[in-house]
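Accompanying notes for the structure given below.
Just the heavy atoms: all of them, side chains too, but no hydrogens, waters or symmetry mates, feed the values below. Proteins get letters first, then strands, A, B, ... in listed order; numbering begins at 1 in each.
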There are 2 protein chains.
Amino acid sequence: MQITSYTDYALRVLLYLAMTPNRQANITEISDFFNISRNHLVKIVHQLGSKGFVKTTRGKGGGLSLQRPPEMINIGELVRSMENHFNWVECFDPTQQNCRLLPACGLKQLLARAGDAYLQMLDAATLADVALGTTPVEVAQSEAPATAHSECNQNQSLTTETQENNL
Amino acid sequence: MQITSYTDYALRVLLYLAMTPNRQANITEISDFFNISRNHLVKIVHQLGSKGFVKTTRGKGGGLSLQRPPEMINIGELVRSMENHFNWVECFDPTQQNCRLLPACGLKQLLARAGDAYLQMLDAATLADVALGTTPVEVAQSEAPATAHSECNQNQSLTTETQENNL
DNA sequence: TTATAAGTTGTATTGTTAATATATCTTTAA
DNA sequence: TTAAAGATATATTAACAATACAACTTATAA
Ligand code: SF4
Ligand code: SF4
């Protein structure tokens, strides 16, 4: 169970822009910072632009910046915009209505409620809430490029056991 | 965003068994009922057995049945057992700790909380809560095999817009 | 005691789709 | 008028869920 990296990358872009409020950033700079495919980011940024999250300016000296202040950018709204469906199980897809239990499956209703709970949690937060106080430059300095950090694995909380299974 | 059909199939098996409480069902019968791969179901049933959800008996006249009463089978527990990870984004995977924002990303914490909200909602329900009152036979009779039903598209609630995006 | 109906286990293949790459645009400030 | 930026479309790759295949073990009904 996961969200696409496409959506996470979009969030990273917004976080980056929130950290560099006084200038135009550009795609190359961001893809370099996160070490992800520039081509992929281009599409993500384009969609962020068309959905009204970032302002893009072409041409020399162009780049991108947040279209609204971080307090006005809702995380739930963003995830809904970037994630391409929320079909928790097959029967949520209007084109796949062939489960024999469908007419009144209690499970479907439960999963819908759980999905809503997930999104409502995201609706309760804005970019300002999740943005770090640090700028990318500071982060870059405090970062040892190679190995992982020890402070990281807090708060996986309920989602334990897992790993292995399937196949 | 979706859960694997592997997990949904597991839930379907339990629902089916809950509907046929007074006898042993078998895998072939269930895979026929839902029109899904028998081979795939075999693995799912095996895992359901090893995790203590169903009792399987081999040999002629064998089959499977619920190991505990439906009121004792928690949906959240089941989903945790079947889904093979809850790595909402890359950084949740202990082997992928290379996001530059990692040491203290507020987004990660938010996503963890949202994931917990999702699972807690599932923890609040048991198989008894989601099982229909009907038996598979009744369902089969009331079901026109081909076209979709009209009563179905209730409660997608918050998860609207979507469709298209990406690529 | 034996034939057969069940589940068990391991591996290989297929299909889908997210992720990435390539290439050619258009726009615009210096 | 050129170089630096984003826009757009298409093609390729990679990951992994889903499925298929094959050979095994167990148990019981005849
Ligand atoms: S079992 Fe219920 S939730 Fe799962 S696909 Fe069928 S109708 Fe949907
Ligand atoms: S941006 Fe935050 S949530 Fe996303 S991968 Fe990086 S650390 Fe994790």
Side-chain angles (χ1 to χ4, degrees), chain A residues 1-10 12-13 17 23-32 34-51 53-65 67 82-85 87 89-90 93 95-96 163-167, chain B residues 1-10 12-13 17 23-32 34-51 53-65 67 82-85 87 89-90 93 95-96 163-167:
Chain A
M1 183 124 53
Q2 64 195 66
I3 70 180
T4 58
S5 77
Y6 188 88
T7 300
D8 184 40
Y9 290 169
R12 292 193 203 184
V13 168
L17 295 178
R23 64 184 184 86
Q24 296 257 116
N26 67 40
I27 295 183
T28 304
E29 166 191 352
I30 299 176
S31 70
D32 283 352
F34 288 110
N35 208 260
I36 57 186
S37 159
R38 182 182 181 282
N39 303 102
H40 201 202
L41 250 201
V42 162
K43 284 190 209 159
I44 291 161
V45 165
H46 174 57
Q47 188 171 342
L48 282 173
S50 68
K51 290 283 168 64
F53 293 102
V54 304
K55 179 167 27 122
T56 61
T57 47
R58 310 212 267 195
K60 197 166 187 175
L64 51 149
S65 56
Q67 193 154 71
M82 305 303 287
E83 204 68 10
N84 47 18
H85 70 79
N87 296 339
V89 289
E90 177 187 303
D93 180 349
T95 72
Q96 297 287 325
Q163 241 65 336
E164 41 99 28
N165 292 91
N166 248 49
L167 250 231
Chain B
M1 184 125 53
Q2 64 195 65
I3 69 178
T4 59
S5 76
Y6 189 89
T7 300
D8 184 41
Y9 290 168
R12 292 193 203 184
V13 168
L17 295 177
R23 65 184 184 85
Q24 297 257 113
N26 67 42
I27 295 183
T28 304
E29 167 191 350
I30 299 176
S31 70
D32 283 351
F34 288 111
N35 207 260
I36 56 185
S37 159
R38 182 182 180 284
N39 299 291
H40 200 202
L41 249 202
V42 161
K43 284 190 208 155
I44 292 161
V45 165
H46 176 55
Q47 189 172 340
L48 282 172
S50 67
K51 290 283 169 63
F53 294 102
V54 303
K55 181 169 23 123
T56 61
T57 47
R58 312 213 268 196
K60 197 168 189 173
L64 51 150
S65 55
Q67 193 154 73
M82 304 304 286
E83 205 67 12
N84 46 18
H85 70 81
N87 297 338
V89 290
E90 178 187 304
D93 180 349
T95 72
Q96 298 287 323
Q163 241 65 338
E164 42 99 26
N165 293 90
N166 248 52
L167 252 227

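- Qualifying side chain to side chain donor-acceptor pair (under 3.5 Å) partners for T28(A), counting only residues two or more places apart in sequence or in other chains: R38(A).
- Applying the side chain to side chain donor-acceptor pair (under 3.5 Å) rule to S50(B) yields no partners; only residues at least two apart in sequence or on another chain are considered.
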Worksheet item: Could you run down nucleotides 22-30 of chain C 5' to 3' and tag each one B, S or - for protein heavy-atom contact under 4.0 Å?
Response: B---BBBB-
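- Atom CZ of F53(B) and atom C1' of dG7(C) are 19 Å apart (whole Å).
- For E90(B), the side chain to side chain contact (heavy atoms under 4.5 Å, CB included) test picks out Y9(A), R12(A), Q96(B), N98(B), with sequence neighbours left out.
- Using a 4.0 Å cut-off, some side-chain N or O of H46(A) falls inside it from OP1 or OP2 of dT8(D).
- The side chain of S5(B) lies closest to dA18(D), out of dA18(D), dA19(C), dT19(D).
- If you find the closest nucleotide of DNA chain D to Y9(B) and to T28(A), the one lying nearer the 5' end belongs to T28(A).
- Distance R38(A) CZ to dG6(D) P: 6 Å, rounded to the nearest Å.
- In this structure, of dA18(C), dT20(C), dT9(C), it is dA18(C) that holds the atom nearest to the side chain of N84(A).
- L41(B) has its CG atom 17 Å from the P atom of dT9(C), to the nearest Å.
- In this structure, the side chain to side chain contact (heavy atoms under 4.5 Å, CB included) partners of E29(B), at least two apart in sequence or on a different chain, are Y16(B), R23(B), A25(B), N26(B).
- Qualifying side chain to side chain donor-acceptor pair (under 3.5 Å) partners for S37(B), counting only residues two or more places apart in sequence or in other chains: none.
- Nucleic acid contact class of L64(A) (heavy atoms, under 4.0 Å, all strands): sugar-phosphate only.
- The listed nucleotides are dT10(D), dA19(C), dG6(D); the one nearest the side chain of I27(A) is dG6(D).
- Within 4.0 Å (heavy atoms only), V42(B) reaches at least one base atom of the nucleic acid.
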